[in-house]
Amino acid sequence: MANKEDNLKKITSHSKEYGFVFQSSEIYDGLSAVYDYGQMGVELKKNIKDYWWKAMVGMNENIVGLDASIFMHPTTWKASGHVDAFSDPLIDNKDSNKRYRADVLIEEHVEKIRLKTEKDVAKGIKKFGDDFDEAQFRATNPNVLRNKAKIDDINGRYKIAMDADDMAAIKALIEDLAIACPVSGSKNWTDVKQFNLMFSTEIGAVADSANTIYLRPETAQGIFVNYLNVQKTGRMKIPFGIAQIGKAFRNEIVARQFIFRMREFEQMEMQFFVRPGEEMKWYEHWKLERIKWHKSLGIDEKYYRFHNHIKLAHYANAASDIEFDFPMGFKELEGIHSRTDFDLKQHEKHSGKKLQYFDPELNESYVPYVVETSVGLDRTFLAILSAAYTEEKLEDDKERVVLKLPIFLAPIKVAVMPLLKKDGLPEKAREIFDNLKFDYNCHYDEKDTPGKRYRRQDAIGTPFCIMVDHQTLEDNTVTIRDRDTMEQERVAIDQVESILREKLDIRKALA
RNA sequence: GCGAGAGUAGCUCAGUUGAUAGAGCGUCAGCCUUCCAAGCUGAGGGUCGCGGGUUUGAGCCCCGUCUCUCGCUCCA
């Protein structure tokens with residue numbers, strides 16, 4: 001385990017050293033949980049996006065793309081439930097240093113009181129058997145009534161406080177109820193702090209609370225509010241999907257573990273609109289399709305597993321995660337959710353617009369059900385990087401660090417190098433480089449010994465190196481060196497392009 | 001937010017009881033001409049996280065502050 005944790009450190013520093021990922025605003029000591037993609041990272045990230053887009057939009061006739069704005073009408077987030085569900089009142093116990101959700105503490109307290117009543121009822125049943133009139137007992141027993149009044153009072157105060165965003169009142173409630181920390185047993189609490197997980201800002205020149213808008217915490221809502229636009233203008237027939245890649249923002253209380261959990265991150269998601277009643281069929285379909293996509297990257301299957309949710313979000317009736325064995329253990333990489341018609345219904349309600357689809361086959365209109373696939377782009381990036389990062393022991397106790405990236409995702413596809421920096425070899429290598437750069441990201445490198453140059457390319461995951469040597473000048477052949485096997489193959493220069501094209505073809509992966 | 005640890009060159013780090021800031025690697029230039037990182041010569045690079053204090057004198061001692069890392073709470 002310590003070894004694996006070490007691995008995350010190694011990947012983080014390798015990422016920095018070779019220009020994959022830098023910490024944001026590093027010259028100002030950095031900004032926690034925000035990262036920038038460097039010259040290599042931006043290429044890898046772009047290739048992942050393209051590959052996903054190709055698999056989702058390119059390969060499916062009934063899926064189209066969308067690029068919705070990050071800013072949306074504030075009512076969007078009321079409708080989606082994020083305004084209410086995405087803000088947690090938090091409180092710390094000063095003695096145990098444990099943090100709790102204030103609402104959970106209060107709920108647990110209420111639950112305790114409720115259990116007392118149930119205990120009393122159970123006692124009554126035991127004592128009086130069939131003669132026990134439970135309904136009457138619940139309606140008249142002084143203890144029960146007292147407890148019920150307590151609960152109503154607590155819930156009432158809680159609701160008033162929350163509706164008014166009155167955190168002091170929440171704290172007062174916790175103190176009045178004499179709730180103690182389960183760990184320290186003390187009632188020594190900090191003030192209650194509200195953590196809104198959505199970032200907000202103001203639109204318009206004049207700051208005014210009426211103009212508060214949010215940075216989207218998920219890209220999905222942009223799809224939902226556009227679903228009818230796309231359906232009508234694209235003449236889409238159910239079932240169909242809308243795919244989108246975009247940034248999302250969450251004000252995580254604690255966000256760590258490199259790019260795994262960031263405040264600003266990127267999602268690749270697809271909302272699939274289906275006939276009500278058929279959602280489970282499509283849910284299963286997309287679970288299979290999505291795991292297939294991950295496995296098409298060629299990473300060992302043991303890195304992946306499904307995790308089915310038992311506790312569901314407010315909008316879902318089934319949910320499953322594809323988890324990846326990151327350096328810090330199995331964690332969520334992608335979520336596949338059956339979101340029912342919750343979101344569209346909510347938007348109908350809040351907008352007053354009909355968001356129904358007329359199904360010619362059934363000759364009826366309905367609000368479609370939605371199956372969502374949502375994969376973290378940055379997490380996919382980290383997954384690929386951590387699976388690719390390899391420290392190899394070679395003969396003579398030598399070591400090499402190589403990124404065994406899926407070759408079609410590598411930032412640089414081929415490096416061209418002259419064996420020596422003289423005898424006309426650089427000119428010949430340049431010629432090959434200048435031709436290849438139209439089709440592939442290429443590097444030209446003539447500095448240092450060949451071995452050193454190979455290792456530099458290994459470190460950034462370049463799958464192929466083309467070496468121009470003296471024989472090249474005689475018979476127009478070069479060697480192509482393979483990143484993973486380190487073996488060289490001598491081929492004619494005019495075959496290089498077709499060889500590369502075949503090796504980098506994604507047909508096999510996507511078939 | 002709490003607790004713990006850390007902050008000196010691009011990276012990894014050293015820096016004694018307080019006295020002109022160091023190494024290795026990397027980078028760049030030149031030499032060498034070599035197919036899997038270790039040849040030679042040279043150069044560049046630091047207001048020691050920031051601010052204040054003690055002192056003739058602070059990378060080092062004291063106070064404050066910021067940031068990062070780890071743990072806890074949270075995580076469609």
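Predicted model only: the values in this text are computed from it and were never measured. Naming: A, B, ... by sequence-line order, numbering from 1 per chain.
In this structure, the side chain of A/Arg216 does not engage the main chain of A/Phe249 through any donor-acceptor pair within 3.5 Å.
Summary of the strand contacts: A/Arg455 and A/Lys447 both lie near RNA chain B, and taking for each the nucleotide with the nearest heavy atom, the more 5' one is attributed to A/Lys447. Of the residues near RNA chain B, A/Ser13 and A/Thr479, the one whose nearest nucleotide (by heavy atom distance) lies more toward the 5' end is A/Ser13.
The same atom, C1', is picked in B/C36 and in B/C74; the two are 48 Å apart, to the nearest Å. Nucleotides B/G51 and B/C66 have their P atoms positioned 15 Å apart, rounded to a whole Å. Of the C1' atoms belonging to B/G15 and B/A38, the separation is 27 Å, rounded to the nearest Å. Here, B/G24 and B/G42 have their P atoms 12 Å apart, quoted to the whole Å. Atom name C1', nucleotides B/U8 and B/C13: the rounded distance is 9 Å, in whole Å. For the C1' atoms, the distance from B/U73 to B/G49 is 29 Å, rounded to whole Å. Between B/C48 and B/A29, the two C1' atoms lie 29 Å apart (nearest whole Å). Rounded to whole Å, the separation between the P atoms of B/U12 and B/U69 comes to 14 Å.
Donor-acceptor pairing under 3.5 Å, judged by distance alone, is present between the side chain of A/Asp469 and the base of B/C35. In the interface, the side chain of A/Gln488 is paired with the base of B/C35 through a donor and an acceptor atom under 3.5 Å apart. With hydrogens and angles ignored, a donor-acceptor pair under 3.5 angstrom links the side chain of A/Arg481 to the base of B/C36.
The cationic group of A/Arg483 does not satisfy the cation-pi geometry with A/Phe464, failing either the under 6.0 Å distance to the six-membered ring centre or the 45° limit from the ring axis. Both tests pass for A/Arg481 against the ring of A/Tyr454: distance under 6.0 Å to the centre and angle within 45° of the axis. Cation-pi contact between A/Lys413 and A/Tyr440: absent, since separation from the ring centre below 6.0 Å together with deviation from the ring axis within 45° is not met. At least one test fails for A/Arg290 against the ring of A/Trp286: distance under 6.0 Å to the centre or angle within 45° of the axis.
Base pairing annotation: B/C13 forms a Watson-Crick or G-U wobble pair with B/G22, both donor-acceptor distances under 3.5 Å. Of the nucleotides present, B/A29 is the one that pairs with B/U41 by Watson-Crick or G-U wobble criteria, both distances under 3.5 Å. Searching all strands for a Watson-Crick or G-U wobble partner of B/U65 with both distances below 3.5 Å returns B/G49. Nucleotide B/C72 is matched to B/G1 when pairs are restricted to Watson-Crick or G-U wobble geometry with both distances under 3.5 angstrom.
Under the 4.5 Å side-chain criterion, counting only non-hydrogen atoms from C-beta, A/Phe273 is in contact with A/Gln271.
If you check B/A37, B/C35, B/U27 against the side chain of A/Met467, the one that comes closest is B/C35. Distance from the side chain of A/Met486 is smallest to B/C36 among B/U27, B/C36, B/C35. Closest to the side chain of A/Leu420, out of B/A37, B/U33, B/C28, is B/U33. The listed nucleotides are B/C11, B/U27, B/U34; the one nearest the side chain of A/Lys16 is B/C11.
Between the CD1 atom of A/Ile460 and the C1' atom of B/C36 there is a distance of 16 Å, given to the nearest Å. For the pair A/Glu446 CD and B/C35 C1', the computed distance is 17 Å after rounding to whole Å. Counting to the nearest Å, the P atom of B/C11 and the CD atom of A/Gln23 are 12 Å from each other. We find that NZ of A/Lys452 is positioned 8 Å from C1' of B/A38, with the value rounded to whole Å. Between the CD1 atom of A/Ile480 and the P atom of B/C36 there is a distance of 18 Å, rounded to whole Å. The separation between A/Lys422 atom NZ and B/C32 atom P is 8 Å, rounded to whole Å. One interatomic measurement links the two molecules: NE2 of A/His14 to P of B/C11, which rounds to 16 Å at whole-angstrom precision. Going from atom CZ of A/Phe258 over to atom P of B/C68 covers 15 Å, rounded to whole Å.
Taking the six-membered ring where tryptophan is involved, the planes of A/His14 and A/Tyr18 are tilted, since the angle between them lies from 30° to 60°.
When heavy atoms are screened at a 4.0 angstrom cut-off, A/Ser374 is found touching base atoms of the nucleic acid. No engagement by A/Glu372 is indicated, since no non-hydrogen atom pair under 4.0 Å with the nucleic acid exists. Residue contacts shown for A/Gln267 include a base, since a base heavy atom lies under 4.0 Å away. Using a 4.0 Å heavy-atom criterion, one finds that A/Tyr35 contacts the sugar-phosphate atoms exclusively.
Residue A/Lys9 places no side-chain N or O under 4.0 Å from the OP1 or OP2 atom of B/U69.
By the neighbour-count criterion of 12 heavy atoms within 6.0 Å, atom CZ of A/Phe71 is sparsely surrounded, having that number or fewer from other residues, nucleotides or ligands.
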